[in-house]
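Reminder, nothing fancy here: chain letters follow the sequence lines and each chain counts from 1. Fair warning: this is a prediction, and the values are worked out from it, not measured in the lab.
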Amino acid sequence: MSQISLRTITKSFGETPVLNNVSLDIEEGEFVTLVGPSGCGKSTFLRILAGLEAADAGQVEIQGRDVTAIRPADRNLAMVFQSYALYPHLSVAQNIMTPLRMRDLNRLGRLPVIGPLLSRAAHRKMRDQVGEVAETLQITPLLDRKPGQLSGGQRQRVALGRAMVRQPVAFLMDEPLSNLDAALRVHMRAELSELHRRLQATFVYVTHDQAEALTMSDRMAVMMHGDILQVGPPNDIYRNPASLDVARFIGSPRINTLPGEVNGTGGLELLGVTTETRVRGLRQAVTMGVRPEHLHMRVTGRFSGTVRHRENLGSDIFVHLEVAGAPAKVVLRLAPAEAVELGLGTRVAFDFNPTDILLFDATGARLAFTHPAREVA
Amino acid sequence: MADTTLDQSMAEATPLRFSTRAAITHAVLILGALIVLLPFYTMLSLSLKAPHEIMQQTGGFLGSQELFRDDFCIKLGNAVQDCMVNPIIYNYATAFEKAPLLRYLLNGLIVTVSIFVIQVIVALPCAYALAKLRFWGREAVFALVLFCLLIPVHAIALPLYIMLAKVGLTNTYAALIIPWTISVFGIFLMRQFFMTVPDDLIDAARMDGMSEYAIIWQVMLPTAIPALMAFGIFSVVAHWNDYFWPRIVITGNRDLFTPPLGLREFKGDADGDNFGPMMATACIIVTPLIVCFLLAQRRFIEGITLSGMK
Ligand SMILES: Nc1ncnc2c1ncn2[C@@H]1O[C@H](COP(=O)(O)OP(=O)(O)OP(=O)(O)O)[C@@H](O)[C@H]1O
Ligand SMILES: [Mg+2]
């Protein structure tokens, strides 16, 4: 049985439907990422899981217990917010201690001055726990500061500390890295993965950044327009997207799409070229998707285009080609050595391996296809 | 590079430049300040002078500070040379002798502090609910709050008085305090401030296990200190200086007089108005407020800018 399961969650704000019958199961110790474009309902979904928002219909179960009607504090989840939401008037140590104070102390023990005197042992234990967490996150020197005196990355860590100190069933994170600069974000990505390995805890992570989802998660759920379109390990979703929307959303630069057609004999025609790819089915318009790294510059290539833009990333160069008949520019990923003499305006011939393409029908669903074995140079 | 040189030249030029605009602004502000300060000048000056100097408007700001004859003292049958007094000592001593001024000050303190504390206890939960909780009819309730802001106290004074009289509360501290414990202005001000507190902070507190009341007192209250200070100053000043309401509900018992009521002791006596001691009393009454203002000056200005009540 899974540790957390959300069943047929439906939610609308007024007239606007935000979630339509969304279900998701999360296993213990998993790092699950909810990824999707802005406004697709990820945060709402996470807040329903946390109990901060009530669903219109559907159930939330945590460790086999129906918690749909239970308040956030009693679900034993911890949440890291995008804005970190640290208490501005409390020091870092007090911030981290707050969830412990609320859980482990009675009303008397929480009183400001006499509290620590009355329940000395409890307070000592709490201070030790805070110390441990601070040690793990390497924020021990910051414990006496106020959140206002910290950098973004440090605040992030304090927010993590406040979530960790309680040993919750799961950590919920809503775009916790989006307020950091690019370099720090990459660094924190690695740190979060490391933290997940060390704590062996369940992480539910929300982001609109597919790079974060791809790098960190065990499984990711792609959400769009209030539906979960596909759930699976990042690699599966990248290689084997269930629909055109998913294929377009995952991967940067975006997957190249070319309009094509299945002719009467089941052959795929692309930009006037009849390929050896066979599609079972009727004559129909299709969309072919191929990732930039799967397009190769080749003198004998069946397709060609003119270089309109070069994006140099150092290790890779992305060349944007204008191809007659293609609605958008076609992007190729090239090694720097290959791209040396490709100035703007150069004509380039390219091709792809027929096993690397993805076919979608007019509704955006995947189409199965076969291809006779072909030698690849 | 270009930026830094520009900055430097600006920094050097600013103190030297004469700006007509700034000069006019300052002239207007100085004039305004003089108009505001004039009554205080008169009050302080009169509290330092002898009665004949006050009547004849002589003696400048300080007066001559000559000893003068205290007629009341002579009436009591004392020798003339025993009744020669210094005007400052006479004015301030009379202020304390003739009325239990310390008692009045204490009453003022009790009343204003109680009012403020209860106002906060009522206003914070209301403001929190209006700003951060979603419930049916919230907008209507807030509209009601705005509407109540428009009602002048004088309009409801009579019904209030009758109600208090019926329950037999006139001439008690309760009569001075209860009518002011619900401050719609406080609710409004704090609600506006709470609107600026991020929702995430409240959600974080909920995740940490705080109840809604715990959130109000442990999260909202500490973040709202600047707004509370501003509200506190408005509230304390208004009720410390209030003459109208205490005059209505405190009718005989001098033990319940607040400082402004104390001023009446010097008015309309059989032996005429006694301006010196009266002004001395006024000085004593405003001093606590002025001291508080000077101590909390920066917070006060922050608070006013914050509430947008410039
Ligand atoms: N309190 C609310 N009242 C009305 N509509 C809301 C409310 N909260 C969210 N919405 C709407 O619900 C939709 C989903 O919001 P949600 O915050 O879940 O998006 P998201 O996927 O987290 O987006 P982002 O990546 O920008 O954070 C949006 O269209 C938003 O406008
Ligand atoms: Mg969001």
Side-chain angles (χ1 to χ4, degrees), chain A residues 13-14 43 46-47 49-54 70-91 94-105 107 110-112 146-148 155 158-159 161-163 165-166 168-176 179, chain B residues 117 120-121 123-125 127-129 131-140 142 189-190 192-232 296 298-299 302-303 305-306:
Chain A
F13 285 113
S43 298
L46 196 72
R47 290 168 55 82
L49 169 54
L52 295 170
E53 202 87 61
I70 286 181
R71 67 192 198 106
D74 300 329
R75 298 187 181 197
N76 198 17
L77 301 168
M79 189 149 169
V80 178
F81 293 86
Q82 180 175 355
S83 57
Y84 313 139
L86 300 175
Y87 305 116
H89 59 286
L90 298 180
S91 72
Q94 288 166 320
N95 260 286
I96 298 179
M97 204 185 279
T98 304
L100 291 180
R101 274 167 38 96
M102 301 314 294
R103 195 194 56 181
D104 295 345
L105 297 180
R107 216 162 257 280
R110 271 183 240 141
L111 291 176
K146 291 275 169 72
R155 270 180 229 179
V158 176
R162 186 174 62 173
V165 73
R166 207 153 45 110
V169 174
F171 293 93
L172 315 183
M173 307 195 186
D174 193 352
E175 313 206 7
N179 284 346
Chain B
V117 168
V120 168
I121 292 174
L124 280 195
Y128 174 72
K132 292 295 179 190
L133 301 182
R134 272 179 268 155
F135 56 91
W136 188 87
R138 181 175 82 164
E139 298 315 311
F142 185 58
L189 185 73
M190 297 317 291
Q192 296 308 92
F193 184 81
F194 286 170
M195 294 293 280
T196 66
V197 175
D199 287 344
D200 277 358
L201 190 64
I202 293 158
D203 285 339
R206 288 190 183 130
M207 295 295 295
D208 284 347
M210 290 192 197
S211 66
E212 298 298 308
Y213 278 103
I215 291 175
I216 295 169
W217 303 120
Q218 295 180 31
V219 179
M220 300 309 264
L221 174 71
T223 47
I225 294 287
L228 268 184
M229 291 280 289
F231 172 56
R298 185 174 312 158
R299 285 296 178 105
E302 257 172 31
T305 11
L306 182 103

What part of A/Arg75 is in contact with chain B, defined as an atom under 4.5 angstrom from a non-hydrogen atom: side chain, backbone, both or neither?
neither
Closest non-hydrogen contact found for B/Leu201 with A/Leu86 is CD1-O, 3.2 Å
Intermediate values then yes/no, side chain to side chain contact (heavy atoms under 4.5 Å, CB included), B/Asp203 and A/Met79
CA-CA 9 Å; B/Asp203 285 339; A/Met79 189 149 169; over 6 Å; no
Of the listed residues (A/Ala73, A/Pro99, A/Pro88, A/Ala85), which shares the most heavy-atom pairs with chain B below a 4.5 Å separation?
A/Pro99
Relative to chain B, which of A/Gln82, A/Arg103, A/Arg47, A/Arg166 shows the most heavy atom pairs under 4.5 Å?
A/Arg47
Name the region of A/Ala78, side chain, backbone, both or neither, that has any atom closer than 4.5 Å to a heavy atom of chain B.
backbone
Counting only heavy atoms from other residues, nucleotides and ligands, does the tally under 6.0 Å from OH of B/Tyr213 exceed 12?
no
Between OH on residue A/Tyr87 and CD on residue B/Gln218, distance to nearest 0.5 Å:
8.5 Å
Between A/Arg71 and B/Glu212, does any side-chain N to carboxylate O distance fall below 4.0 Å?
no
Nearest heavy-atom pair of B/Met207 and A/Leu77: which atoms, and what distance?
CE-O, 3.5 Å
Using every non-hydrogen atom in the two residues, find where A/Met102 and B/Asp208 come nearest and quote the distance to one decimal.
CB-O, 3.2 Å
Compare every heavy atom of B/Thr223 with every heavy atom of A/His89, then report the nearest pair and how far apart it is.
ND1-CG2, 4.3 Å
